[in-house]
Undergrad: 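This is the structure, below, for whatever I ask next.
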Amino acid sequence: MSNPPKRPGGAPRVQRYLAVPFAEKDAAKALGARWDPAKKKWYAPQGVDLAPFAQWLPPDDGPAEAARGDTLREPVLPPGFVAYDGEIPPWE
């Protein structure tokens, strides 16, 4: 696992990733957003005021997700979902 880039002072660089639709990429770029080609996401660099990017900030983006740069979520399963382990089919 790679470490986040470090600033001269040794603190990790924190980037706030944005949910920018393709049609709005030019507007985000004009406000100072940058493209991360590795993650294929737009982000607001550290030190930039996030107020202009409010429309693209993910609603549940907390400090842990911002520091990590991505989000890990549990899958949303439909009600009554039964996992099939390959032994006895749950529908029998």
Undergrad: Which distance, rounded to the nearest 0.5 Å, do you find between the CH2 of Trp35 and the NZ of Lys41?
TA: 10.0 Å
Undergrad: About how many Å separate CH2 of Trp56 and CD of Glu24, when rounded to the nearest 0.5 Å?
TA: 6.0 Å
Undergrad: Give me the atom names and distance for the closest heavy-atom approach of Pro45 to Gly32.
TA: CD-O, 3.5 Å
Undergrad: Sequence neighbours left out, what passes side-chain contact (heavy atoms from CB on, under 4.5 Å) with Asp36? Give chain and number order.
TA: Gln15, Tyr17, Ala38, Lys39, Tyr43
Undergrad: Mind checking whether Trp42 and Lys29 have side chains closer than 4.5 Å, heavy atoms only?
TA: yes
Undergrad: Hey, could you give me the CZ/CG distance between Arg34 and Leu18, rounded to the nearest 0.5 Å?
TA: 12.5 Å
Undergrad: Taking all non-hydrogen atoms of both residues, which atom of Pro52 and which atom of Leu31 are closest, and how far apart?
TA: O-CD1, 3.6 Å
Undergrad: Taking all atoms of both residues into account, what is the closest heavy-atom pair of Arg16 and Leu57, and its distance?
TA: NH2-CD2, 4.0 Å
